[in-house]
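To find a chain, count down the sequence lines: A is the first, B the second, and so on, and within it residues start at 1.
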Amino acid sequence: MTTQKTKVRFAPSPTGRIHVGNVRTAILTWLYARATGGTFLLRLDDTDVERSKEEHAQALMADLRWLGVEWDEFARQRDRMDRYAQAIERLKADGRLYACYETPEELSLKRKTLLQRGLPPIYDRAALALTDAQKSAYEKQGRRPHWRFKLEHKTIAWNDLIRGPVAFEGKDMSDPVLIREDGSPLYHICSVIDDLDYGITHIIRGEDHVSNTAAHIQMFEALGGDIPVCAHLPLISDAEGGKLSKRLGSLSVGELRDDEGLQPMAIINLMARLGTSLPIEAYTHPAPLIESFDFGTFSRSTPKFDPEELVRLNAKILHQTDYSEILPALKDLGLEDVSEEFWLAVRPNLSRLREIRDWWSVAKGPVTPEIAGEDTAFIAAAHDCLPPAPWTEETWGTWIAEVKNRTDRKGKTLFMPLRKALTGMEHGPELNVLLPLIGPDKVSERLQAK
RNA sequence: GUCCCCUUCGUCUAGCGGUUAGGACAUCGCCCUUUCACGGCGGCAACACGGGUUCGAGUCCCGUAGGGGACGCCA
């Protein structure tokens with residue numbers, strides 16, 4: 001065995017915002033690259049000029065960067081058309097590509113007929129029997145050919161990192177179209193040529209590609225290259241068990257960030273471990289995920305994706321995030337002068353970062369103190385025994401003891417009116433840490449509110 | 001329609017012929033806390049169904065049901 005350096009790629013089509021299903025593949029591919037000390041290539045598969053849009057390409061890269069999924073190399077297929085043409089010529093010369101003249105309508109009819117007879121809709125290779133005379137007759141009618149790759153009718157087998165031994169029969173598959181009628185190359189051949197040229201050692205993608213892989217293997221062989229190791233990930237499904245579609249399937253990284261207000265690590269943690277035998281944990285850094293990454297831990301069944309899990313993870317991540325690490329995100333929220341004390345005080349009460357704004361206004365105001373009619377005398381008494389500045393975390397204890405002495409209250413009737421007067425809420429961070437953060441002036445002011 | 005894959009607590013899963021069926025998350029209870037949250041400690045909870053094979057089946061075989069995937073001049 002050679003000690004070949006791992007090289008993997010994530011190859012999305014920039015046809016829309018990247019969503020949960022896709023980003024999982026990106027994250028796992030990236031983790032594998034980092035786990036093996038290999039290279040991660042981001043390749044835009046933008047051969048479909050109709051659907052591929054530059055704005056989607058830009059948004060995709062922004063989303064990946066936000067997640068911290070950094071790529072080492074970058075390529076896009078639209079820049080490589082000359083190279084594809086060259087490889088295609090070789091396949092034609094080798095007789096692996098053959099010209100077909102059926103129209104899309106004719107092909108669709110053929111498929112429908114086969115289906116009705118209970119047969120698999122496999123292309124019948126009629127074009128292979130075309131004589132030169134028939135071909136030129138088609139050409140004279142103005143028809144241009146599309147080209148199919150002639151699969152060898154033999155067993156195609158590989159050892160999948162996730163699925164184990166996989167085998168397909170060439171005869172059970174349709175010869176894939178590699179070149180459109182307009183002469184443009186299709187995904188299959190572009191992908192194979194790129195994987196070859198860029199030295200991809202491992203192909204990691206969804207299991208919706210398994211039968212493609214069978215065809216691709218023959219293309220790798222036809223082009224005389226090494227066949228990368230394959231890992232086909234089970235697709236994730238809806239919480240209801242159905243296919244990941246509609247609302248969830250379209251749940252994009254952008255929405256998770258902008259609408260849901262989630263931390264990138266919430267998504268990384270869930271996607272890295274969902275469907276594996278390793279526990280889903282709330283790490284604040286990807287390092288433990290990289291260290292523990294192992295295709296052997298992946299199940300072959302389709303796991304269910306529950307967005308609520310992201311929120312739970314998000315909360316746990318926040319509870320553990322250090323002040324220095326949250327600072328940039330706080331700046332983005334427009335909270336420049338949050339102190340470390342404040343962060344540590346409110347951190348356990350956050351499930352989304354933006355909720356910190358609520359606690360920030362509790363500390364800085366304005367707050368609408370809540371003082372019930374029957375509590376006015378009590379609050380006034382409490383105000384009278386406020387300890388002198390400076391205030392520390394001990395102040396609350398000192399104060400409340402004094403209030404207890406001077407009034408006949410205890411338990412909930414003792415502290416709850418104070419909490420409501422000071423914060424306007426019945427819940428929140430502990431008052432011993434909150435009190436010095438609000439400060440003597442505002443505390444006094446709020447206790448005297450009408 | 002044909003082919004392929006999958007099915008263990010609510011969820012993600014361990015298990016690879018003999019287990020009190022293990023863990024994590026969720027949930028519930030207790031502790032901590034003069035609130036909520038955080039944290040700590042415990043509890044509840046599962047082998048889709050039906051046939052085989054075997055002394056013995058969650059584990060092997062066949063079937064049924066359910067779910068997913070593939071069968072494009074999309075990727």
Side-chain angles (χ1 to χ4, degrees), chain A residues 11-15 22 45-48 50-52 77 100 102-104 107-108 111 114-123 144-148 163-164 166-169 172-174 176-182 184 186-188 190-191 205-212 214 232 234-244 270 273-282 297-306 308-309 312-313 315-316 318-320 346-351 396-397 400-401 404 409-416 418-420 423 425-432:
Chain A
S13 295
T15 56
N22 250 342
D45 282 11
D46 50 6
T47 52
D48 187 339
E50 292 289 309
R51 299 194 300 148
S52 296
Q77 294 190 325
C100 303
E102 294 91 346
T103 63
L107 288 174
S108 145
R111 266 192 294 274
L114 287 167
L115 245 19
Q116 275 167 355
R117 291 169 54 201
L119 295 170
I122 294 170
Y123 179 60
R144 295 274 88 85
H146 58 277
W147 298 74
R148 287 184 189 263
R163 317 190 106 212
V166 182
F168 278 82
E169 290 302 327
D172 294 339
M173 306 195 300
S174 269
V177 175
L178 260 37
I179 303 162
R180 290 188 180 91
E181 186 182 346
D182 68 5
S184 61
L186 256 14
Y187 154 76
H188 299 283
C190 300
S191 177
R205 54 186 174 188
E207 70 178 7
D208 50 335
H209 280 285
V210 281
S211 61
N212 286 339
H232 289 94
L235 271 19
I236 54 184
S237 74
D238 230 316
E240 291 80 42
K243 64 178 288 187
L244 191 70
L270 182 62
R273 292 284 179 84
L274 184 66
T276 74
S277 54
L278 269 18
I280 295 165
E281 302 205 57
T297 64
F298 281 80
S299 158
R300 285 160 56 140
S301 48
T302 63
K304 294 178 183 65
F305 167 71
D306 179 5
E308 282 305 310
E309 189 103 14
R312 284 195 289 269
L313 278 169
K316 287 197 173 184
L318 254 17
H319 300 161
Q320 301 173 66
V346 303
R347 185 174 77 164
N349 283 73
L350 301 176
S351 84
W396 166 253
I400 198 77
K404 194 176 178 180
R409 297 203 182 194
K410 57 181 180 179
K412 199 171 180 178
T413 57
L414 172 70
F415 68 83
M416 190 52 90
L418 294 174
R419 168 174 289 280
K420 282 158 81 172
T423 70
M425 285 184 280
E426 291 190 351
H427 65 276
E430 294 180 12
L431 280 171
N432 60 347

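A:Leu414 comes within 4.0 angstrom of a nucleotide base, judged by non-hydrogen atoms across all strands. Within the nucleic acid shown, A:Gly428 comes within 4.0 Å of at least one base atom, counting heavy atoms only. Note on A:Ile400: a base of the nucleic acid sits closer than 4.0 angstrom, heavy atoms only. As judged by a 4.0 angstrom heavy-atom cut-off over every strand, A:Glu207 is placed among residues touching the sugar-phosphate backbone only. At a threshold of 4.0 angstrom between heavy atoms, the contacts of A:Leu186 are confined to the sugar-phosphate backbone, with no base atom among them. A:Ser191 comes within 4.0 angstrom of nothing in the nucleic acid, heavy atoms only. Using a 4.0 Å heavy-atom distance criterion, A:Pro279 is classed as a sugar-phosphate-only contact. Using a 4.0 Å heavy-atom cutoff across all strands shown, A:Glu281 reaches no nucleic acid atom at all. Looking at heavy-atom distances under 4.0 Å, A:Arg163 makes contact with sugar-phosphate atoms alone, never a base. Among the atoms of the strands shown, none is found under 4.0 Å from any heavy atom of A:Ser108. Residue A:Arg419 is in base contact, counting any heavy-atom pair closer than 4.0 Å across all strands shown. Across all strands, A:Pro429 comes closer than 4.0 Å to base atoms (heavy-atom distances). Within 4.0 Å of A:Lys316, counting heavy atoms only, lie sugar-phosphate atoms of the nucleic acid but no base atom. At a threshold of 4.0 angstrom between heavy atoms, the contacts of A:Asp182 with the nucleic acid are absent.
Relative to the side chain of A:Pro121, the nucleotides B:G1, B:C5, B:U13 differ in distance, and B:G1 lies closest. The A:His146 side chain lies nearest to B:C73 when the options are B:C73, B:A24, B:U35. Looking at the side chain of A:Glu309, the nearest of the listed nucleotides B:C25, B:C74, B:C6 is B:C25. Considering only side-chain atoms of A:Phe415, the nucleotide from B:C5, B:U34, B:C12 that sits closest is B:U34. Distances were taken from every side-chain heavy atom of A:Arg111 (C-beta onward) to each of B:A75, B:C25, B:G72; the shortest belongs to B:G72. Ranking B:A75, B:C38, B:G69 by closeness to the A:Ser13 side chain, first place goes to B:A75. The side chain of A:Asp48 lies closest to B:A75 when the candidates are B:A75, B:U35, B:C25. Here the nucleotide nearest the side chain of A:Leu235, chosen from B:C73, B:C74, B:G69, is B:G69. Distance from the side chain of A:Arg300 is smallest for B:C5 among the nucleotides B:C36, B:C5, B:C73. Side-chain proximity of A:Pro104 to B:C25, B:A75, B:C73: nearest is B:C73.
No donor-acceptor contact under 3.5 Å links the side chain of A:Asp208 to the base of B:A75. Counting distance only, with no hydrogens placed and no angle test, the side-chain atoms of A:Asp172 and the base atoms of B:C3 include no donor-acceptor pair under 3.5 Å.
Residue A:Phe298 is the one, among A:His319 and A:Phe298, whose nearest nucleotide of RNA chain B lies closer to the 5' end (criterion: closest heavy atom).
Taking CD from A:Glu207 and CG from A:Leu235, the interatomic distance works out to 5.5 Å, rounded to the nearest 0.5 Å. Going from atom CG of A:Asp45 over to atom OH of A:Tyr187 covers 7.0 Å, rounded to the nearest 0.5 Å. The CZ atom of A:Arg205 sits 4.5 Å away from atom NE2 of A:His232, with the distance rounded to the nearest 0.5 Å. For the atom pair A:Leu186 CG and A:Arg180 CZ, the distance stands at 4.5 Å (nearest 0.5 Å). The CE atom of A:Met416 sits 10.0 Å away from atom NE2 of A:His427, with the distance rounded to the nearest 0.5 Å.
In this structure, A:Glu426 does not pair ionically with A:Arg419, as no charged nitrogen and carboxylate oxygen lie closer than 4.0 Å.
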